[in-house]
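To keep things clear, I will list the structure first and then write my remarks on it.
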Amino acid sequence: MTTPPTAWYNVLADLDFELPPDLPPPARPADARLDPQVPLSLIRQEVTRERWVPIPEEVARRYAQWRVTPLRRAREFEKALGTRARVYYKYEGGNPSGSHKLNTAIAQAHYYKAAGAKRLAVATGAGQWGTAVATACHMFGLECVVYMVRTSLENKPHRRTIMEMLGAEVIASPSEGTAAGRRFAHEQAGTLSIALAEAMEATRQPGTRFCAGSGETYSLLHNTVMGLEAIDQLTEFGERADVVVAGLGAGSNFGGLAFPFLRPGQGRVRCVSVEPAACPKLTRGRYAYDFTDSSEQNPLQKMYTLGSRFAPPRMHAGGLRYHATAKVVSALYDRGLVEATAYQQRDVFESAVLFARSEGVVPAPESAHAVHGAVVEAAKADRDGTSPVILFSLSGHGLFDMASYRSYLDGQVDEEVVVTDEDIERSLEHLPPQPQHQPAGV
């Protein structure tokens with residue numbers, strides 16, 4: 001029987017190249033700078049080349065409340081598709097926060113508390129990260145403030161309810177309470193980049209630290225418990241994955257499931273990320289140094305980006321609205337080691353409803369992208385006359401997303417959301433100056 005991992009897997013240990021280094025942001029007056037004060041323990045995890053990073057006892061004890069998470073074969077879904085592929089899904093929606101985000105939220109709360117933090121400030125798109133950090137802060141006796149993308153908060157008011165029930169303060173972004181919020185007040189729908197900038201400003205309050213949910217390497221590291229468990233569970237079923245599929249926001253879900261399958265000895269496994277056509281950073285973005293949020297004060301990272309000022313059209317998968325992709329995922333994609341696809345949200349909802357009807361689990365709109373990716377991979381295999389094992393991440397439940405499903409059932413989800421090349425180029429015009437000589441590792 002599969003047991004919870006005792007260490008996280010670090011993909012950096014098995015790469016034959018160095019990641020492009022972070023670069024300092026353009027100079028700003030000292031009184032305008034923000035310092036998130038990330039604990040040294042997390043910074044070490046960001047840069048270590050050790051293959052295995054031990055999971056602290058307290059974190060492991062909290063994980064044991066819901067891990068190992070289920071790996072299920074979607075037999076009724078296979079029948080509904082009429083496919084010869086064998087489809088499995090790793091279900092991360094059964095924990096107190098309802099998504100995979102709690103894997104890193106607990107770890108970060110542990111390290112931040114050990115470093116003396118009293119309050120964590122976070123940004124959240126669909127609300128899953130905010131809920132996860134609110135849960136973790138409650139576990140560790142920390143205060144929590146959450147800046148939630150306004151359009152998502154309006155569509156998912158129950159996310160706010162559960163965060164406040166856990167003791168968090170929830171603020172719609174953009175807000176009037178920060179310079180970043182006032183600067184981008186015209187973007188009333190909000191973006192994750194703006195919410196990140198507002199959360200960064202909250203660190204000016206003594207004892208408050210910023211907590212990053214998806215793009216940092218340590219966040220992806222903490223989520224590798226998903227892939228490590230899935231490998232063992234598939235082995236118990238006598239299976240090996242041929243294709244691994246996960247939705248892509250900034251990268252923690254995709255990296256957490258896929259990275260362990262990239263280890264030596266796992267064979268050739270295709271790892272496919274699925275992003276919304278409304279925010280296509282890997283499939284249509286540029287590999288360049290960019291700001292990680294709208295404050296334009298954090299170190300620059302080289303990543304696939306649409307530009308930190310990119311504002312995607314209104315979409316239901318709020319957790320996938322981030323303008324860029326984690327630097328580790330970006331580097332792997334740039335070298336052809338992982339794949340990327342983008343789909344329209346109407347097609348995604350169609351697959352999600354079929355999955356809910358056949359398997360009895362309602363996926364979050366973010367997770368529904370992986371469901372649709374699995375549908376596309378199964379259809380491709382049927383055309384090719386193959387029967388692969390397809391594994392996808394059902395990274396969160398959709399029980400707080402009924403307004404989105406209601407819109408789909410009422411025919412109000414647009415047939416096609418178009419992001420033009422001109423939209424992307426206008427945003428990319430605001431990229432910071434690129435280094436004239438590429439740093440080592442590029």
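Here the structure is a predicted model, which is why all the values come from computation and not from measurement.
The residues K113 and E58 are annotated as not salt-bridged, no charged nitrogen and carboxylate oxygen being separated by less than 4.0 angstrom. Between D22 and K302 there is no salt bridge, since no side-chain nitrogen of the basic residue lies less than 4.0 Å from a carboxylate oxygen of the acidic one. By the 4.0 Å N-to-carboxylate-O rule, E275 lies too far from K281 to be salt-bridged with it. Salt bridge absent: R182 and E176 never bring a charged side-chain N and a carboxylate O closer than 4.0 Å. We find that D401 and K156 are joined by a salt bridge, their nearest charged nitrogen and carboxylate oxygen being less than 4.0 Å apart. Using a cut-off of 4.0 Å between Lys/Arg side-chain N and Asp/Glu carboxylate O, E18 and R49 are scored as salt-bridged. No salt bridge links E143 with K118; every basic N to acidic carboxylate O contact stays at or beyond 4.0 Å. Checked for salt-bridge contact, R150 and E187 miss the test: no charged N lies under 4.0 Å from a carboxylate O. Salt-bridge check for E359 with R73: failed, with every basic side-chain N at 4.0 Å or more from each acidic carboxylate O.
Judged by the 6.0 Å distance and 45° axis criteria, R62 is positioned over the aromatic ring of F140. Because its NZ or CZ atom is not both nearer than 6.0 Å to the ring centre of Y9 and within 45° of the ring axis, R51 does not count as a cation-pi partner of that residue.
For the salt bridge (Lys or Arg N to Asp or Glu O under 4.0 Å) test, no residue two or more places apart in sequence or in another chain qualifies with R44. Applying the side-chain contact (heavy atoms from CB on, under 4.5 Å) rule to A288 yields the partners R286, L431, Q434; only residues at least two apart in sequence or on another chain are considered.
Relative ring orientation between Y89 and Y91 is described as perpendicular, the plane-to-plane angle rising above 60° on a 0-90° scale split at 30° and 60°. Using a 30° and 60° split on the angle between ring planes, W66 and Y63 fall in the perpendicular class, above 60°.
Y287 and Y333 have their aromatic ring centers separated by at least 6.0 angstrom.
Note: L220 CG to L257 CG = 11.5 Å, rounded to the nearest 0.5 Å.
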